[in-house]
**Student:** 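Provided herewith is a single structure, encoded as structure tokens, for subsequent inquiry.
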Amino acid sequence: MIPLAHFMFVSAALFCIGIYAVLSKRNAIMILVGIELMLNAAILNLVTFSKHDKFEASGQVFALFAIILAAAAVAVSLAIILNVYKYYRTIDPTKIDNLRN
Amino acid sequence: MSVEQIIFYVFAAMVLSSALFVVATKNLVHSIFLFFITLFSMAGLFVFALADFIALSQIVIYVGGVLVLMIFAFLLSNKQILDNPKPMRSRFLGIHHLPGIFVALVFFLVLIWTISLVDIGQLQWVKESQENTVKASDNTIHYIGINLMTRYLLPFEVVSVFLMMALIGAAHLARKERKV
């Protein structure tokens with residue numbers, strides 16, 4: 001039986017790797033990957049605590065919802081990234097600085 | 001140290017090392033394929049948290065859906081999107097990475113400190129959940145299904161409608177503009 005804290009250490013480390021990717025990457029797709037890492041860390045926490053909630057299984061149900069929402073977010077943001085690339089010819093978020101015209 | 005613990009730590013090491021390589025490597029295609037390994041090992045960790053259904057949906061949705069979508073988005077789009085936006089002068093860790101590393105490290109230390117303060121195994125509701133704890137022989141899918149159709153019916157329907165709206169919106173955004 002693995003203690004709960006070890007799951008949470010893994011999740012904390014994964015979350016911080018995601019934060020690093022979001023903060024310091026110059027590529028929108030890598031930022032998206034960082035967001036996915038952070039979401040996965042959160043899902044790991046939900047699933048871990050759901051071990052002590054057998055009959056309601058609320059952690060696992062919300063982990064399912066989080067996975068579905070992450071899939072929707074990736075679909076929409078990849079479409080947005082492709083459109084931004086078509087318009088600006090770059091996907092560096094620091095260069096994309098005007099909303100319209 | 002039992003076999004279970006050894007396999008768990010192998011999976012955890014795979015998750016963390018492949019995630020580090022994902023964010024450290026410069027090559028976008030390499031990092032996406034390493035992200036495969038991260039997600040697969042995350043599914044392994046979910047199995048060790050006794051959530052086999054979540055592990056399966058992680059493989060089906062993340063690995064089968066999200067990553068394939070990302071790879072399609074590269075391969076069907078222009079070649080330049082794969083290149084770095086600008087060749088970096090600095091090598092592995094440049095000066096522009098320092099704020100990100102600093103924030104991530106500080107946040108990591110705060111999280112580790114908090115987790116070690118809490119002493120999760122001794123929490124009241126964790127200790128009282130002897131009857132309610134999942135054993136490895138239990139069928140968790142049964143309880144997930146019952147809860148999804150009774151207690152969480154409204155969020156379930158909202159999420160399904162939301163997913164359909166998001167996918168239609170993504171298809172609308174990504175379509176080719178008609179030449180005028």
Side-chain angles (χ1 to χ4, degrees), chain A residues 2-10 12-17 19-21 23-27 29-30 33-34 36-37 40 43-44 47-48 50-58 60-61 63-65 67-76 78-83 85 89-92 95, chain B residues 5 8 12 15-16 19-20 22-23 28 31 35 42 45-46 48-51 53-54 57-58 61-62 65-66 69-70 73 77 81 85-86 96-97 99-101 103-104 107-108 111-112 115 120-121 126 129 132-134 138 140 143-144 147-148 152 155 159 162-163 166-167 169-170 173-174:
Chain A
I2 296 135
L4 290 181
H6 292 188
F7 283 101
M8 298 192 67
F9 286 137
V10 175
L14 200 64
F15 192 85
C16 294
I17 292 171
I19 283 185
Y20 166 73
L23 285 182
S24 66
K25 287 291 173 183
R26 308 279 289 284
N27 185 331
I29 293 174
M30 284 312 290
V33 169
E36 292 301 311
L37 286 176
N40 256 301
I43 292 169
L44 182 60
V47 162
T48 304
S50 159
K51 194 182 200 171
H52 293 280
D53 189 11
K54 174 178 162 188
F55 294 112
E56 288 188 20
S58 35
Q60 297 195 21
V61 172
L64 269 181
F65 290 158
I67 288 176
I68 293 169
L69 293 187
V74 166
V76 173
L78 272 179
I80 290 175
I81 287 172
L82 286 185
N83 268 352
Y85 179 75
R89 316 307 295 172
T90 178
I91 50 171
D92 186 353
K95 299 233 175 58
Chain B
Q5 281 174 315
F8 172 77
V15 166
L16 293 182
L20 273 178
V22 164
V23 298
L28 197 56
S31 62
F35 196 47
M42 282 299 288
L45 290 188
F46 291 165
F48 278 96
L50 301 182
F53 186 65
I54 307 296
S57 39
Q58 164 95 358
I61 296 178
Y62 261 107
V66 168
L69 196 65
M70 281 184 170
S77 65
I81 205 170
K86 194 181 63 164
H96 61 278
H97 287 303
I101 290 175
V103 171
F107 200 75
F108 182 63
L111 280 178
I112 290 296
I115 293 168
I120 298 153
V126 171
S129 69
N132 209 359
T133 301
V134 179
D138 284 337
T140 55
Y143 297 109
I144 292 177
N147 281 306
L148 214 52
Y152 298 109
V159 149
F162 174 81
L163 185 64
L167 290 184
L173 277 177

**Student:** So which residue, B/A49, B/P99, B/S57, B/G65, ends up with the most heavy-atom pairs under 4.5 Å with chain A?
**Tutor:** B/A49
**Student:** Could you tell me which portion of B/F35 (side chain, backbone, both or neither) has an atom closer than 4.5 angstrom to a non-hydrogen atom of chain A?
**Tutor:**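 For B/F35, the contact with chain A is made by the side chain alone.
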**Student:** Looking only at heavy atoms and a cut-off of under 4.5 Å, which of B/N132, B/T133, B/V23 has the most pairs with chain A?
**Tutor:**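 Option with the greatest count: B/N132.
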**Student:** Between B/L148 and A/F65, is there a side-chain heavy-atom distance shorter than 4.5 Å?
**Tutor:** yes
**Student:** Taking all atoms of both residues into account, what is the closest heavy-atom pair of B/L167 and A/A75, and its distance?
**Tutor:**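 In terms of heavy atoms, the two residues are closest at CD2-CB, 3.8 Å.
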**Student:** With only heavy atoms counted, which part of A/K25 is less than 4.5 Å from chain B, the side chain, the backbone, both or neither?
**Tutor:** side chain
**Student:** Work out which heavy atom in B/V134 is nearest to a heavy atom in A/S50; give both atom names and the distance.
**Tutor:**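 In terms of heavy atoms, the two residues are closest at CG2-O, 4.1 Å.
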**Student:** Checking A/F15 against B/F107 for the ring pair (Phe, Tyr, Trp, His ring centres under 6.0 Å) test, could you report, in this order, the C-alpha distance in whole Å, the side-chain angles of both residues, the deciding distance, and whether it holds?
**Tutor:** CA-CA 9 Å; A/F15 192 85; B/F107 200 75; 5.6 Å; yes
**Student:** So which part of B/I112 gets closer than 4.5 Å to some heavy atom of chain A, the side chain, the backbone, both or neither?
**Tutor:** both
**Student:** Taking every heavy-atom pair that is under 4.5 Å apart, which of B/V159, B/V15, B/I54 has the most such pairs with chain A?
**Tutor:**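 If we count pairs closer than 4.5 Å to chain A, B/I54 comes out on top.
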**Student:** Please identify, among B/D138, B/I115, B/T140, B/V66, the residue contributing the most non-hydrogen atom pairs under 4.5 Å to chain A.
**Tutor:**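 Option with the greatest count: B/I115.
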**Student:** Taking all atoms of both residues into account, what is the closest heavy-atom pair of B/A166 and A/A72, and its distance?
**Tutor:** CB-CB, 3.6 Å
**Student:** What part of A/L64 gets closer than 4.5 Å to chain B, counting heavy atoms only: side chain, backbone, both or neither?
**Tutor:** both
**Student:** For a 4.5 angstrom cut-off between non-hydrogen side-chain atoms, does B/F108 reach A/I19?
**Tutor:**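 No; the side chains remain at least 4.5 Å from each other.
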**Student:** I would like to know whether B/N147 and A/Q60 meet side chain to side chain donor-acceptor pair (under 3.5 Å); could you show each step before the answer?
**Tutor:** CA-CA 10 Å; B/N147 281 306; A/Q60 297 195 21; over 6 Å; no
